[in-house]
Chemist: 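Encoded as structure tokens, here's the structure I'll be asking about.
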Amino acid sequence: MRGEEPRKRALLARALVRTTIARYQINSQVNPRSLRFRKNVHGKPELEWNFSDHWLSSPLHFNISHTSSLVACGVTINSQIGIDVEEKHRNIKHNILSFARRYFSKDEVQFLADILDPEIQRQEFVKLWTLKEAYVKALGRGFSGAPFKTFTIRNKGGGCFSPLENLNSEAWQIVVDSFDDPRDLTSNWQFLLLELAGSHYAAICMENIGAVEGKRTVPVKLKVWKTIPFLEDECVSGTDAVKSISGLK
């Protein structure tokens with residue numbers, strides 16, 4: 001990598017992945033350096049699990065996302081996960097609707113076109129982009145394997161991706177409609193949309209194991225940690241640093 005900052009972010013990301021995953025191991029003495037990884041057929045990194053001297057697929061799944069000012073790592077058990085973080089004030093160089101017509105579905109473009117306030121339109125574009133990135137990463141296919149135009153992200157309430165007091169939790173659920181793969185049923189995925197430290201949006205997409213197995217959907221339990229590997233480790237769940245926009249009561 002060229003440049004000190006990209007190298008620093010890459011190093012922090014790898015340290016964050018290893019120290020975060022090590023926290024979930026059954027053996028609390030596991031050395032983060034001992035963790036082994038592999039890539040799936042689409043290139044998504046996966047963890048290999050050391051079980052009785054055999055390396056097997058791990059019940060832990062993880063995903064990572066970078067910005068210039070924050071690196072996020074999401075970890076789940078027995079559920080595929082995709083995570084994306086974006087700066088709230090991310091600058092959109094192009095006209096938002098022109099940019100959306102290039103990448104988004106017709107319904108998503110119309111959703112943005114109906115927003116008259118330019119700043120709100122920009123915010124909703126960033127949230128929508130973040131959610132779509134998280135879904136593609138949860139699928140593990142990458143952008144080329146699941147182009148943004150092949151699915152629609154929406155909420156059952158029909159409004160913006162912002163908390164609305166008059167909507168119940170079911171109506172405010174974020175869902176995905178896939179156009180090209182009927183196996184990717186809406187009910188098979190759960191979304192969380194968060195605001196972190198007042199400066200970033202974070203979208204998390206997880207496989208809904210209950211729906212896949214024909215069981216009742218289990219509410220998502222989320223813990224958020226503010227971490228600088230080997231220097232700082234603080235649980236910030238339930239504080240002002242984590243604001244739930246959708247997906248958590």
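No hydrogens, no waters, no symmetry mates; every other heavy atom, side chains included, goes into these values. Quick note: residue numbers are just sequence positions, from 1.
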Chemist: Are I228 and V242 connected in a single hydrophobic cluster, I mean Ile/Leu/Val/Met/Phe/Trp/Tyr linked by side-chain heavy atoms less than 4.5 Å apart?
Modeler: no

Chemist: Does K132 count as lying over the ring of F148, i.e. NZ or CZ under 6.0 Å from the six-ring centre, within 45 degrees of the axis?
Modeler: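 Judged by the rule, K132 and F148 form a cation-pi pair.
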
Chemist: Mind running side-chain contact (heavy atoms from CB on, under 4.5 Å) on T76 and L60 for me, showing each step along the way?
Modeler: CA-CA 6 Å; T76 55; L60 293 180; over 6 Å; no

Chemist: Could you tell me if the side chain of V176 sits less than 4.5 Å from the side chain of Y135, heavy atoms only?
Modeler: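 Touching, per the 4.5 Å side-chain cut-off.
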
Chemist: Check this for me: E119, atom CD, are more than 12 non-hydrogen atoms of other residues, nucleotides or ligands nearer than 6.0 Å?
Modeler: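 Atom CD in E119 is packed in, count exceeds 12.
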
Chemist: With rounding to the nearest 0.5 Å, note down the distance linking NE2 in H61 to CD1 in I21.
Modeler: 11.0 Å

Chemist: For A138 versus W189, what's the shortest heavy-atom pair and its separation?
Modeler: CB-CZ3, 3.7 Å

Chemist: Do NZ/NE/NH1/NH2 and the carboxylate oxygens of K39 and E46 come within less than 4.0 Å?
Modeler: no

Chemist: Is it the case that more than 12 heavy atoms not belonging to K226 sit under 6.0 Å from its NZ atom?
Modeler: no

Chemist: Check the pair Q121, D117 against side-chain hydrogen bond (donor to acceptor under 3.5 Å, both in side chains), reporting the backbone distance first and the verdict last.
Modeler: CA-CA 6 Å; Q121 185 186 71; D117 186 306; over 6 Å; no

Chemist: First locate atom CH2 of W225, then atom SG of C235, and finally report the distance between them rounded to the nearest 0.5 Å.
Modeler: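 Reported to 0.5 Å precision, the distance equals 5.0 Å.
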
Chemist: Are any side-chain N or O atoms of S237 and backbone N or O atoms of V224, one a donor and one an acceptor, separated by less than 3.5 Å?
Modeler: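 Such a contact is found between S237 side chain and V224 backbone.
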
Chemist: Looking only at heavy atoms, which two atoms of L70 and V85 are closest? And how far apart?
Modeler: CD2-CG2, 3.8 Å

Chemist: Tell me, do N155 and F161 make a side-chain contact under 4.5 Å, heavy atoms counted?
Modeler: yes

Chemist: So which atom in N40 and which in G140 form the shortest heavy-atom distance, rounded to 0.1 Å?
Modeler: ND2-O, 3.5 Å

Chemist: Might you work through the side-chain contact (heavy atoms from CB on, under 4.5 Å) test for E124 and L112, ending with a clear yes or no?
Modeler: CA-CA 7 Å; E124 297 306 306; L112 293 171; 4.1 Å; yes

Chemist: Do side-chain atoms of N31 reach the backbone of R33 as a donor and acceptor pair under 3.5 angstrom?
Modeler: yes

Chemist: To the nearest 0.5 Å, tell me how far L196 CG sits from E87 CD.
Modeler: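 L196 CG to E87 CD: 12.0 Å, rounded to 0.5 Å.
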
Chemist: Do D233 and T227 have a side chain donor and acceptor closer than 3.5 Å?
Modeler: yes

Chemist: What heavy-atom pair brings L35 and A22 nearest, and what distance separates the two atoms?
Modeler: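 In terms of heavy atoms, the two residues are closest at CD1-N, 4.2 Å.
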
Chemist: Is the shortest side-chain heavy-atom distance between S68 and R9 below 4.5 Å?
Modeler: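 Counting from C-beta outward, S68 and R9 do come under 4.5 Å.
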
Chemist: To the nearest 0.5 Å, how far apart are CG in N63 and CD in E133?
Modeler: 10.0 Å

Chemist: Centres of the F37 and F62 rings: under 6.0 Å?
Modeler: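 They qualify: ring centres under 6.0 Å apart.
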
Chemist: Please check this pair: side chain of E108 against backbone of L128, looking for a donor-acceptor N/O pair closer than 3.5 Å.
Modeler: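 Checked: no pair found.
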
Chemist: Is atom CZ of R7 surrounded by more than 12 heavy atoms (other residues, nucleotides or ligands) closer than 6.0 Å?
Modeler: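 More than 12 within 6.0 Å, yes.
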
Chemist: With a 4.5 Å cut-off on side-chain heavy atoms, are S79 and M206 touching?
Modeler: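 The answer is yes, as the side chains (C-beta and beyond) meet within the 4.5 Å cut-off.
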
Chemist: Quick check for you: to the nearest 0.5 Å, what is the distance between H66 atom NE2 and L16 atom CG?
Modeler: 9.0 Å

Chemist: Whether the H200 and S69 side chains hold a donor-acceptor pair (N or O, under 3.5 Å, no angle test) is what I'd like checked.
Modeler: yes

Chemist: With a 6.0 Å cut-off (strictly less than), is the heavy-atom count around CG of D240, excluding the residue itself, greater than 12?
Modeler: no

Chemist: Which heavy atom of P229 sits nearest a heavy atom of T19, and at what distance?
Modeler: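 Shortest heavy-atom contact: CB-OG1, 4.2 Å.
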
Chemist: One thing to verify: whether D107 and R154 come together as a salt bridge, which I'm taking to mean a side-chain N less than 4.0 angstrom from a carboxylate O.
Modeler: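 A salt bridge is absent here (no side-chain N lies under 4.0 Å from a carboxylate O).
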
Chemist: Kindly determine whether Y201 and D84 satisfy side-chain contact (heavy atoms from CB on, under 4.5 Å), including the steps that lead there.
Modeler: CA-CA 8 Å; Y201 293 125; D84 188 58; over 6 Å; no

Chemist: If you compare all heavy atoms of I83 against all heavy atoms of I64, which two are closest, and at what distance to 0.1 Å?
Modeler: CG2-N, 3.9 Å

Chemist: Would the number of heavy atoms belonging to other residues, nucleotides or ligands and lying under 6.0 Å from CZ of R18 be above 12?
Modeler: yes

Chemist: Measure up the F99 and F125 rings against each other and bin them: parallel (under 30°), tilted (30 to 60°), perpendicular (over 60°).
Modeler: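 Tilted.
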
Chemist: Before giving the answer on side-chain contact (heavy atoms from CB on, under 4.5 Å), spell out for K149 and Y103 the whole-Å C-alpha distance, their side-chain angles and the decisive distance to 0.1 Å.
Modeler: CA-CA 6 Å; K149 277 194 172 184; Y103 291 104; 5.6 Å; no

Chemist: Under 3.5 Å, side chain of T150 to main-chain N/O of P147, donor-acceptor pair present?
Modeler: yes

Chemist: Is the closest side-chain heavy-atom distance between F111 and F104 below 4.5 Å?
Modeler: no

Chemist: To the nearest 0.5 Å, how far apart are CG in L97 and CZ in R102?
Modeler: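 Going from CG on L97 over to CZ on R102, the span is 15.0 Å.
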
Chemist: Should L11 and V17 be counted in the same cluster of Ile, Leu, Val, Met, Phe, Trp and Tyr side chains packed under 4.5 Å apart?
Modeler: no

Chemist: Quick one, I92 and R122 - any side-chain contact, counting heavy atoms below 4.5 Å?
Modeler: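 Yes, side chains in contact.
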
